[in-house]
Amino acid sequence: MIILQFLLLLLRVVASLSLNSTQPRCHANERSALLEFKATFFTKRPPCCDESSDKHVKLESWKAIGETTSNCCDWDGVECDEASGHVIGLDLSCSCLTGSINSSTASILSLVHLQSLNLAFNGFNFSQVPLEIGNLGSLRELNLSNSNFIGHILTSLGNLTQLTHLDLSFNAFFGSVRSIENLTLLAHLDLSINSFSGKIPSILGRFARLKHLDLGSNDLTGKIPSFLGNLTKLNYLSLVGNELMGEIPSSLRSFMQLTYLDLSFNQLTGQIPYFLGNLVQLTSLALSSNRLTGEIPSSFQNLQELEYLFLDTNELEGEIPTWLGSLAQLGYINFSFNSFHGSIPSTITHLQNLGVLDLTSNNLSGTVELDMFSKIESLFVLKLSSNNLSVMIKPNISKRYWVLGLGSCNLNSFPEYLRGQEDLYQPFKDLYQLDLSYNKISGQVPEWFLNVSTKELVYLNLSGNFLTSFGQDPVTFKWTKLVSADLRFNQLQGSLPIPPPKILNYYISNNRLSGEISPVICNLTSIRMIDLSNNNLTGVLPRCLSNLSGSLEVMSLQSNGFNGKIPQLNGDNCAFLMIDLSYNELMGPLPRSLRKCKNLEFLSFGNNQIRDVFPSWLGSLIGLKVLGLRHNRFHGLVGEPTDGFEFPKLQIIDLSQNNLSGSLPSGYFKQWTAMKVSERVQSDYIGNFIQEAMPFFPSSTFDYSMRVIVKGIQTNYSKIQEYLTLIDLSSNNFSGAIPETIGSLKQLELLNLSNNMLSGPLPPFLANLTNLEALDLSQNQLSREIPQELTQLTSLAVFNVSYNRLTGPIPQSRQFSTFENNSYKGNSGLCGTPLSRKCGDPKASPPSSPTSEEDPDYGSAMKLDWKIVCMGYASGLVIGVVLGSSLITRRRAQSLVKNFGRRKQRRRR
């Protein structure tokens, strides 16, 4: 027995020695290259990727304990060949690497035996990928994602003919996809979240071995090319987030091995192809945010492996098919923001794997028993908001939801069954997000509701109801994790409710709140957006608002009764994108600290009592798009810009109803480049990117809005379209001639210089403003004839030169044939249609400048029947088409033609 134990021990020793003798040891030159790379880029600052990542950093194990004893094959992230000892794999993802990488610093590119290289989730300071990466001819897997690389996709990558996995996502690459032409053995190509542009190159159709193709989040245009159908081995295809258009090509029917298809966030049109239902291996299908029409193809019944189905934000219609309940694997359905009608099929309750059902914003109708969804035990997200549904809720429902959307569901009271969700934490069952907006819930918020899910609720939307109070005043919300609260458009009275310290977005506008803002509001150190507009709040704005400037991006306090001076609104740093303090009683000068708010793009202080000179110092805010200072006490000269580059993105400026004087600011007209060349998307709105980044429920958004006086009437723009360009300098004391530099603002659409003391001729260079849709020069001292060149303004819908000293015949062609008498009233020297006085009349009186006493209609000359103007404008369109002119688009005609006239007369001081 002793002999046997000795023999076993001997065998173990021999095996151990044998194992150690075969353990690979890295080569000295490769170890040196790795240590050099560590010394160049490693910075110990974990966590490197996010707060949840491992505190351990791989390169900490890279130590030279004597040149002969340190075996780099034992280091974290390093893989060596067992036979040769050469380094064949490097996984340096999330390794706290920072610095600029180039040919001289990337020592690891000398490791010519590498087969796998992963540098993902590091920070290489927007460096270009070194050319020497093409020397790694044995490389099969390359991952450079999320590491701040820029530049072209290198042609030297074409040398990597053994490559099977290429991931360049989440960087900032530019250039042509054609530069990867030689990667014919690729099995995985991921170019997502880059900036490729142009059409998808035909070279991609040659990659017959390709299994994974991701071109997502680029600027690719044109149609989805049919040659992609050659990639018959694809199991993953993503073209999400481009500018692709046209129909989905029939050649994609060859993707019989495809399991993942994402064509979302493009501009695809036509119906969903029937053949997609024949791709029976699909587990995920995403066609969201396109312009697809028609019904859901019946062939989708074949997709028995489908787990995720995203068809949201299209123009789909028809009824939700009953056979949907036969797709037993479905776990996520999103049909929101379409035009589906009819009832919700009861067969959906057969989907026992369903976790998310989103039917928001359709035309679904009928009565729904909420209890029917209790049959789906796995369901934790249910969104039925914004339909024509009537939801019936029994008080004894036991089903719990993580996200519950019952907005616009004809509810008359708070659902009683929510009482049972008071601090009962269960994963995906304790209430996380709740939408009860736009129902018929009235009266006081019940006390029990304030105790619902106080430890877990993150999102709450009670907007658009008839709520009057919270029962106690002031109320402090108990929801400790609440980050977004929307209480807009109710009838809430009393003091401003105090949200929890972690709140990010707080909307409580359009209520009847009164009193002052409590200094407790300044404890909201994480707040991002606050909207208290259209209430009855009063008092002085707390100085401590400056303490919030590091996180606060949007602050809308308009239409209240705030008074006193404006606080500095800027602490150590400034995150403001939008500030609206208009329609209050604020006094004093503008806070000079705003010049530090470099990201500011919307600034409105209109209709206050601010006394100051023109804030030329705001010109350093190179992102400022909207500046509203109307109806204050700004005075003095506007002057000329000093540094040659001021307000370059300004597209809307309203300085009306102040006491500014001197010449019009010709130097600024020269610098407002955003009004000269348009790079804006017609369908976008200013500030449309400001929305909540909330999972599952980004429904509460905030839009920039403003009020403009048009046609003597205050008009509210609830959203400001990106293409809108406006200059309103009316009702000031500007004098002298209209400067020629204004003729360079070719994107200008609304121009109001009325009620000043401008003189000289009506300049013909205004004809350069080819996008101009409304021009008001009334109540000035302009003289001579109306230039015939102005007939070139074929988009002009409103024209007002009343109460000047103009003479001669009125132009008769194109748009000028649509304008009525009030456009020319108060110019006794004018003649011709539409005036009753014909040209050549010997009884014509000399030109004069009537006053309000001489003409009872002076100051209200544009109070005409606007229907007549619209009729005249329509006839002008027909004439313009006959003459071959370029006419105003339908959108602009609808949004701008309605309301732009001359401002009511303001008596001069």
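Residue numbers start at 1 and run along the sequence shown. Because the structure is predicted, anything quoted here is derived from the model rather than measured.
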Donor-acceptor side-chain pairing of [X] and [Y] below 3.5 angstrom:
X: Arg512; Y: Ser469; result: no
X: Tyr704; Y: Glu601; result: yes
X: Asn410; Y: Ser390; result: yes
X: Asn451; Y: Thr454; result: no
X: Ser509; Y: Asn534; result: no

How are the rings of Phe414 and Phe449 set to each other: parallel, tilted or perpendicular (split at 30° and 60°)? tilted
Can a cation-pi geometry be assigned to Arg611 and Phe634, taking NZ or CZ under 6.0 Å from the six-membered ring centre and within 45° of the ring axis? no
From Asn505 atom CG to Ile527 atom CD1, the distance as rounded to the nearest 0.5 Å: 7.5 Å
Roughly how far, to the nearest 0.5 Å, is the CG atom of Asn338 from the OG1 atom of Thr360? 11.0 Å
State whether the number of non-hydrogen atoms from other residues, nucleotides or ligands found under 6.0 Å of [X] atom [atom1] is greater than 12.
X: Arg592; atom1: CZ; value: yes
X: Tyr308; atom1: OH; value: no
X: Lys598; atom1: NZ; value: yes

What do you reckon, are the aromatic ring centroids of Phe380 and Tyr432 less than 6.0 Å apart? no
Measuring centre to centre across the rings, with the benzene-like ring taken for any Trp, is Phe310 within less than 6.0 Å of Tyr332? yes
Going by side-chain contact (heavy atoms from CB on, under 4.5 Å), Leu581 matches just one of Asn560, Ile610, Leu586. Which one? Leu586
